[in-house]
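Here the structure is laid out as structure tokens; the discussion comes afterwards.
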Amino acid sequence: MADNKKILLVDDDPDFVDAVKTVLESADYDVTVAYDGEECLEKVGGVKPDLIVLDVMMPGKSGYEVCEILKDDEATEDIPVILLTAVASKVSSSKYTHRMGMDTQADDYIAKPVQPAELLKRVQAQLG
């Protein structure tokens, strides 16, 4: 069981958020949602998540920028971050690149669409 570990899920797509939240909650994780990078940064201190699942392509601050801010802050640098993005399939039409994902300090990087079982496996790997 997940021992009610806290996950902060950050994505600007409400349907995707609902689907992922359902998957994570079915595995007994306590999920808090943010719909953009600014909201993530506002909530992280109060939520004190054990893990952050962070979309890359969002309005305002990108997931890369948010990850960098989190990893550069002593209060949040040890929180594992999984970047979740459709960038790989949109590299030609996007300002983001797969290499940018690898260059961040994220702890894992998953391309969308992700299968629920794969997502849970990656989350469990980060939470030990």
Side-chain angles (χ1 to χ4, degrees):
M1 279 295 139
D3 241 2
N4 288 358
K5 295 269 188 186
K6 292 187 268 186
I7 296 175
L8 180 54
L9 172 60
V10 189
D11 196 299
D12 61 323
D13 179 344
D15 293 334
F16 182 78
V17 166
D18 288 346
V20 172
K21 186 172 191 262
T22 300
V23 167
L24 294 172
E25 287 178 342
S26 73
D28 289 333
Y29 291 107
D30 181 8
V31 181
T32 299
V33 171
Y35 292 97
D36 61 44
E38 291 293 340
E39 188 179 0
C40 169
L41 295 171
E42 287 168 16
K43 287 187 172 182
V44 73
V47 172
K48 294 186 177 39
D50 298 294
L51 173 74
I52 298 171
V53 177
L54 181 60
D55 184 34
V56 169
M57 294 191 297
M58 294 183 294
K61 287 192 183 347
S62 74
Y64 296 139
E65 292 169 306
V66 173
C67 183
E68 192 173 315
I69 291 166
L70 292 168
K71 294 299 186 178
D72 285 345
D73 185 333
E74 284 185 19
T76 55
E77 67 185 359
D78 293 329
I79 301 171
V81 174
I82 297 177
L83 284 178
L84 194 61
T85 184
V87 165
S89 64
K90 296 183 179 174
V91 166
S92 62
S93 63
S94 162
K95 64 181 178 178
Y96 307 109
T97 65
H98 192 68
R99 180 83 223 146
M100 287 168 73
M102 301 316 227
D103 288 343
T104 68
Q105 298 167 320
D107 298 274
D108 200 354
Y109 187 85
I110 305 173
K112 287 179 184 175
V114 60
Q115 295 300 314
E118 179 66 16
L119 177 64
L120 284 174
K121 186 172 99 176
R122 301 282 193 98
V123 165
Q124 289 161 350
Q126 291 300 323
L127 292 173

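Nothing here was measured: the structure is a model prediction, and the numbers come from that model.
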Subject >> Side-chain heavy atoms of L119 within contact of V20, under 4.5 Å >> reply: yes
Original post:
Can you get from I69 to V47 by hopping between Ile, Leu, Val, Met, Phe, Trp and Tyr side chains that sit under 4.5 Å apart?
Top reply: no
Subject >> 4.5 Å side-chain heavy-atom contact, L70 and I79 >> reply: no
**OP:** Drop me the distance from E118's CD to K121's NZ, to the nearest 0.5 angstrom.
**Re:** 4.5 Å
**OP:** Give the minimum heavy-atom separation between D30 and N4, together with the two atoms involved.
**Re:** CB-O, 4.2 Å
Subject >> Pairs where residues 44-54 contributes a residue and the test salt bridge (charged side-chain N to carboxylate O under 4.0 Å, His left out) is met, not counting sequence neighbours >> reply: none
Original post:
Is there side-chain contact between I110 and L84, with heavy atoms separated by less than 4.5 Å?
Top reply: yes
Just list the side-chain donor-acceptor pairs under 3.5 Å for residues 31-38, sequence neighbours left out, or say none.
| unit_1 | atom_1 | unit_2 | atom_2 | d |
| --- | --- | --- | --- | --- |
| D36 | OD1 | E38 | N | 3.1 |
| D36 | OD1 | E39 | N | 2.7 |
| E38 | OE2 | K61 | NZ | 3.2 |

Subject >> Same cluster (ILVMFWY, side-chain, under 4.5 Å), F16 and L24 >> reply: yes
Subject >> Residues V81, V53; criterion side chain to side chain contact (heavy atoms under 4.5 Å, CB included); working and verdict >> reply: CA-CA 6 Å; V81 174; V53 177; over 6 Å; no
**OP:** Find out whether V10 and K43 are in side-chain contact, i.e. whether some heavy atom of one side chain is under 4.5 Å from a heavy atom of the other.
**Re:** no
Subject >> side-chain hydrogen bond (donor to acceptor under 3.5 Å, both in side chains) involving D13 - partner list, sequence neighbours excluded >> reply: none
**OP:** Kindly compute the distance separating CG (L54) from OH (Y64), expressed to the nearest 0.5 Å.
**Re:** 10.0 Å
Subject >> Exercise: identify the closest heavy-atom pair between P116 and V23 >> reply: CB-CG2, 3.8 Å
Original post:
Which residues satisfy the side-chain hydrogen bond (donor to acceptor under 3.5 Å, both in side chains) test with D107, sequence neighbours excluded?
Top reply: K71
**OP:** Measure the OG1-CG distance between T76 and L8 for me, rounded to the nearest 0.5 Å.
**Re:** 11.0 Å
**OP:** Measure from the side-chain N and O atoms of Q126 to the backbone N and O of V123, and report whether any donor-acceptor pair falls under 3.5 Å.
**Re:** no
Subject >> Considering all heavy atoms, the nearest A106-C67 contact >> reply: N-SG, 3.6 Å
Original post:
Under a 4.5 Å cut-off applied to non-hydrogen side-chain atoms, are Y29 and L51 in contact?
Top reply: no
**OP:** For K21, enumerate each residue passing the side-chain hydrogen bond (donor to acceptor under 3.5 Å, both in side chains) test, keeping only those at least two apart in sequence or located in another chain.
**Re:** E25
**OP:** Measure the spacing between CD1 of I82 and CG of D55 and express it to the nearest 0.5 Å.
**Re:** 13.0 Å
Original post:
Can you name the residues that form a salt bridge (charged side-chain N to carboxylate O under 4.0 Å, His left out) with D108, not counting sequence neighbours?
Top reply: R122
